[in-house]
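Everything below concerns the one structure shown next.
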Amino acid sequence: MTQRLIKWSSAGAVIACLLFGSCNTSSSNAVKPKTDTVVIDQMKFTPAVVTINKGDTVLFINNDIVAHNATEVNKTWASPTLNNGDSWKIVPDKSAGYFCSIHIVMTGKIVVKEE
């Protein structure tokens, strides 16, 4: 009887772990991804440099009165044209400079910290 109780207790712990994600594993100490926001306003990206962890999201929000975009300097990625109130997000895998291809004087940089 005691052996059955222990077996069911172990099985219950495994099921609870799977259902509720409350397992004690080393990955639970990992930093959870977060979202950093870059606001486009008055013909500039704010902040001009954003430092993130790998896996984080960068959200671009256009609060300017004119359309803008964010284009990686080597053109490996680019947002669509963002009108006032539009937003776009990306999860970059490496550091990169970017600019607005509509207004090339507007520049910014995403720094992705390596783990």
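Small disclaimer: the values here were computed from a predicted structure and weren't measured.
Summarising the geometry of Ala78 relative to Thr71, their closest heavy-atom pair is CB-OG1, 3.8 Å, with the distance given to 0.1 Å. Nearest heavy-atom pair, Asn63 versus Val39, reported as atom, atom and distance to 0.1 Å: ND2-CG1, 3.5 Å. Thr81 approaches Asp86 most closely through the heavy-atom pair O-OD2, 4.2 Å. Contact record, Gly55 with Pro33: O-CB, 3.4 Å, taken as the closest heavy-atom pair. When all heavy atoms are compared, the tightest approach of Leu59 to Ser87 is CD1-CB, 3.9 Å.
The backbone N or O of Met43 sits less than 3.5 Å from a side-chain atom of Asp64, completing a donor-acceptor pair. Between the side chain of Thr57 and the backbone N or O of Ile90, no donor-acceptor pair lies under 3.5 Å. Of the possible donor and acceptor atoms, one in the side chain of Ser79 sits under 3.5 Å from a partner among the backbone N and O of Ala70. The main-chain N or O of Gly85 is never found under 3.5 Å from a side-chain atom of Asn62 such that the two would form a donor-acceptor pair.
Here OG1 of Thr35 is found 9.5 Å from CD1 of Ile52. Values are rounded to the nearest 0.5 Å. In this structure, the separation between CD on Gln42 and CD1 on Ile65 is 9.5 Å, given to the nearest 0.5 Å.
Between Asp93 and Val112, every side-chain heavy-atom pair lies at or beyond the 4.5 Å cut-off.
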Distance-only donor-acceptor pairs under 3.5 Å for side chains of residues 97-109, two or more places apart:
| from | atom 1 | to | atom 2 | distance (Å) |
| --- | --- | --- | --- | --- |
| Ser101 | OG | Asn69 | OD1 | 3.4 |
| Ser101 | OG | Asn69 | ND2 | 2.7 |
| His103 | ND1 | His68 | ND1 | 3.0 |

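For Thr76, the side chain to side chain donor-acceptor pair (under 3.5 Å) partners are Glu72, not counting sequence neighbours.
The neighbour count for Lys34 NZ, taken as heavy atoms of other residues, nucleotides or ligands under 6.0 Å away, is above 12.
Val58 and Ile61 are not part of a single hydrophobic cluster, where members link through side-chain heavy atoms under 4.5 Å apart. Both Phe45 and Val66 sit in one connected hydrophobic cluster of ILVMFWY residues. Membership requires side-chain heavy atoms under 4.5 Å apart, directly or through other members.
A salt bridge does not link Asp56 to Lys54: none of the charged nitrogens lies less than 4.0 Å from a carboxylate oxygen.
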